[in-house]
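Given the structure is predicted, the values throughout are model-derived calculations rather than measurements.
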Amino acid sequence: SYLAVIIVASIILGCFTKGTVPVITTMVSESVEGKNSFEKAFGLNVLITSIATVLAPVVLGFTSDKFGIVPAFAISAGFALVATIPAMIYSKTSD
C-alpha cells in the first residue's frame, strides 16, 4: 500500500537527514580551536540550520504549488549536492 511505502521512505529519509547530525557536529568541533571559537561556531551552525528549517518548507511548498512536485524535488537534490561541498573541503583539510 501507499502508506507502507511512505513509512519506509520516511524512515530512510530520516536516517539520511538526521543521521548526519553527529558527523556535522564533529566537523564543526574539529574545525575550530578555543572555547570562544566553539561557541561561535556552534551558534552559527544552529542559526543557519534553524533558518533552513524554517525556509525549506515555504520555498519548496511554493515551488511545488506553482511549478509542480518534480521541480521541488530537483531543488532538493540540488541542495543535497551543494551540501556535500563542505564535507569535501573538510576531507581535504583533515588529511
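- Evaluation of the side chain to side chain contact (heavy atoms under 4.5 Å, CB included) rule for Ile85 yields Val82, Ile89 as partners, not counting sequence neighbours.
- We find the CG-CD1 distance between Asn45 and Ile24 to be 6.5 Å, quoted to the nearest 0.5 Å.
- Linking ILVMFWY side-chain heavy atoms closer than 4.5 Å, directly or via other members, places Phe42 and Val32 in a single hydrophobic cluster.
- Note: the hydrophobic cluster containing Leu44 does not contain Val28 (ILVMFWY, side chain heavy atoms under 4.5 Å, direct or indirect links).
- Cluster partners of Ile7, using a side-chain heavy-atom cutoff of under 4.5 Å among ILVMFWY residues and allowing indirect links, are Leu3, Ile11.
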Show every donor-acceptor pair shorter than 3.5 Å between a side-chain atom in residues 50-62 and any protein atom, with sequence neighbours excluded, or say none if there are none.
unit_1: Ser50; atom_1: OG; unit_2: Val46; atom_2: O; d: 2.8
unit_1: Thr53; atom_1: OG1; unit_2: Thr49; atom_2: O; d: 2.7

